[in-house]
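One structure is given below, encoded as structure tokens.
Side chains are part of it too, since the values below use all heavy atoms of this structure and drop only hydrogens, waters and symmetry mates. Numbers restart at 1 for each chain; the letters A, B, ... are given by sequence-line order, proteins then strands.
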Protein chains: 2
Amino acid sequence: MVTKQFTGLPEDSDLRRADSLAREIFSDVANKWALLIIETVADRTLRFSELRDEIDGISHKMLTQNLRMLERNGLVERRVYPVVPPKVEYTLSESGRALRATVDAMCEWTHLYIRHIDDARRRFDE
Amino acid sequence: MVTKQFTGLPEDSDLRRADSLAREIFSDVANKWALLIIETVADRTLRFSELRDEIDGISHKMLTQNLRMLERNGLVERRVYPVVPPKVEYTLSESGRALRATVDAMCEWTHLYIRHIDDARRRFDE
DNA sequence: CTGAATCCTCCGCGATACTG
DNA sequence: CAGTATCGCGGAGGATTCAG
């Protein structure tokens with residue numbers, strides 16, 4: 001994941017491109033709202049409003065913005081029903097489910113160390 | 001990880017506290033710079049300037065800010081040598097190393113799906 | 001070299017209103 | 001109900017300076 005040195009040699013150009021792409025993807029994905037959305041959808045099929053109701057504190061705008069980004073990267077699938085009022089459902093794609101596994105691990109980590117971290121904070125804050 | 005409903009019942013207060021604490025920790029940790037720092041330190045011992053040189057694009061301020069936050073949460077250990085000019089080394093703590101394992105998984109995920117994601121993007125962008 | 005503090009800019013993000 | 005667009009503000013974060 002660590003960015004390779006820029007050598008200036010032409011034969012590295014594709015490597016550098018792949019690397020900056022990786023960084024780009026990482027930046028997209030390594031943010032609070034994106035990960036919370038993925039963790040919330042999980043293996044379910046949720047509508048926009050259901051997502052907003054479940055993800056505590058997310059704004060309308062942040063939700064659409066992040067859903068759009070996740071859809072663009074192919075992590076969530078968006079199914080639109082041509083009815084009125086509109087109905088749109090979101091699910092995780094295969095890559096999204098794979099990512100979810102790692103997010104699950106992060107959540108487990110949080111619960112495993114929450115006490116430990118709380119203590120560290122208190123010590124630090126004196 | 002999903003936030004529990006607010007019921008208003010007093011006996012839930014400690015659960016709600018633990019939950020908001022988990023969200024707080026998650027918000028601290030689920031951000032690009034924090035994860036990149038953890039991934040960069042890895043199992044090494046690095047000085048401030050070495051970190052800044054290795055993490056492409058991070059500013060002086062962002063690095064200190066995130067290091068301070070990671071130290072507060074007990075994820076990195078900071079060792080100060082009383083010499084002049086100052087020398088400060090950073091390493092991952094046990095909890096930091098545990099978190100790193102999950103970040104590694106995220107990086108592996110990136111490399112595994114990078115092609116897939118790149119295709120999805122092109123399709124989305126038409 | 002590390003890190004805190006100040007200033008200043010820009011844009012992330014919320015609020016709101018409007019379409020279909 | 002879902003989504004886009006606009007506006008406006010507060011704060012994130014860069015550049016710079018100072019201190020130890």
Side-chain angles (χ1 to χ4, degrees), chain A residues 3 23-24 26-38 40-41 44-73 75-92 124-126, chain B residues 3 23-38 40-41 44-92 124-126:
Chain A
T3 302
R23 264 294 274 274
E24 216 180 289
F26 191 80
S27 297
D28 269 4
V29 152
N31 93 61
K32 175 179 144 180
W33 292 131
L35 296 184
L36 276 176
I37 289 173
I38 290 184
T40 302
V41 176
R44 300 182 291 174
T45 298
L46 292 183
R47 302 184 58 168
F48 182 87
S49 43
E50 293 172 330
L51 271 169
R52 193 185 33 193
D53 291 345
E54 285 209 28
I55 303 177
D56 184 274
I58 197 169
S59 71
H60 185 103
K61 189 180 184 178
M62 279 302 94
L63 183 54
T64 42
Q65 206 165 286
N66 278 276
L67 279 173
R68 220 45 79 240
M69 179 272 285
L70 291 173
E71 183 192 1
R72 183 171 108 94
N73 288 318
L75 305 193
V76 303
E77 273 154 18
R78 181 168 174 272
R79 192 179 305 168
V80 183
Y81 296 87
V83 296
V84 41
K87 175 178 175 179
V88 182
E89 290 181 339
Y90 294 93
T91 55
L92 291 187
F124 186 90
D125 296 342
E126 266 117 307
Chain B
T3 302
R23 263 295 273 276
E24 216 181 287
I25 294 172
F26 190 81
S27 297
D28 270 3
V29 152
N31 93 60
K32 177 178 142 180
W33 292 130
L35 295 185
L36 276 177
I37 289 173
I38 288 183
T40 303
V41 177
R44 300 182 291 172
T45 297
L46 292 183
R47 302 185 57 168
F48 181 88
S49 44
E50 293 172 330
L51 271 169
R52 192 185 35 193
D53 291 345
E54 285 209 28
I55 303 177
D56 184 273
I58 197 169
S59 71
H60 185 103
K61 190 181 183 176
M62 279 302 95
L63 183 54
T64 42
Q65 206 164 285
N66 278 278
L67 280 174
R68 220 45 78 238
M69 179 272 287
L70 291 173
E71 183 193 1
R72 183 172 109 93
N73 288 317
L75 304 193
V76 304
E77 273 154 18
R78 181 166 174 271
R79 191 179 305 167
V80 183
Y81 295 87
V83 296
V84 41
K87 174 177 175 181
V88 181
E89 290 181 339
Y90 293 93
T91 55
L92 291 187
F124 186 91
D125 296 343
E126 265 116 305

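Listed for the B:Arg23 side chain is a donor-acceptor partner under 3.5 Å among the backbone atoms of A:Asp56. Listed for the B:Asn73 side chain is no donor-acceptor partner under 3.5 Å among the backbone atoms of B:Leu75. Between the side chain of B:Asn66 and the backbone N or O of B:Leu63 there is no donor-acceptor pair closer than 3.5 Å.
Atom-to-atom distance recorded for B:Trp33:CH2 and B:Leu70:CG is 13.5 Å, nearest 0.5 angstrom.
Atom CG in A:Asp53 sits roughly 13 Å away from atom C1' in D:dA2 (whole-Å rounding). Whole-Å rounding puts the A:Leu46 CG to D:dA2 P distance at 11 Å. Rounded to an integer number of Å, the gap from B:Glu50 CD to C:dC1 C1' is 11 Å. Following rounding to the nearest Å, A:Lys32 (NZ) and C:dG12 (C1') show an atom-to-atom distance of 12 Å. In this structure, A:Asn31 places its CG atom 12 Å from C1' of C:dG12, rounding to the nearest Å.
The phosphate of D:dA2 has OP1 or OP2 within less than 4.0 Å of a side-chain N or O from A:Arg47.
Checking B:Leu92, B:Leu46, B:Ile55 one by one against B:Ile37, the side-chain contact (heavy atoms from CB on, under 4.5 Å) holds for a single residue, B:Ile55. Of the candidates A:Lys87, A:Arg47, A:Glu89, A:Glu89 is the only one forming a side-chain hydrogen bond (donor to acceptor under 3.5 Å, both in side chains) with A:Tyr81.
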**OP:** Sugar-phosphate atoms are those with a prime plus P, OP1 and OP2; base atoms are the rest. Using that split, label each nucleotide of nucleotides 3-20 of chain D B, S or - for protein heavy atoms under 4.0 Å, 5' to 3'.
**Re:** BB-B------BB-----B

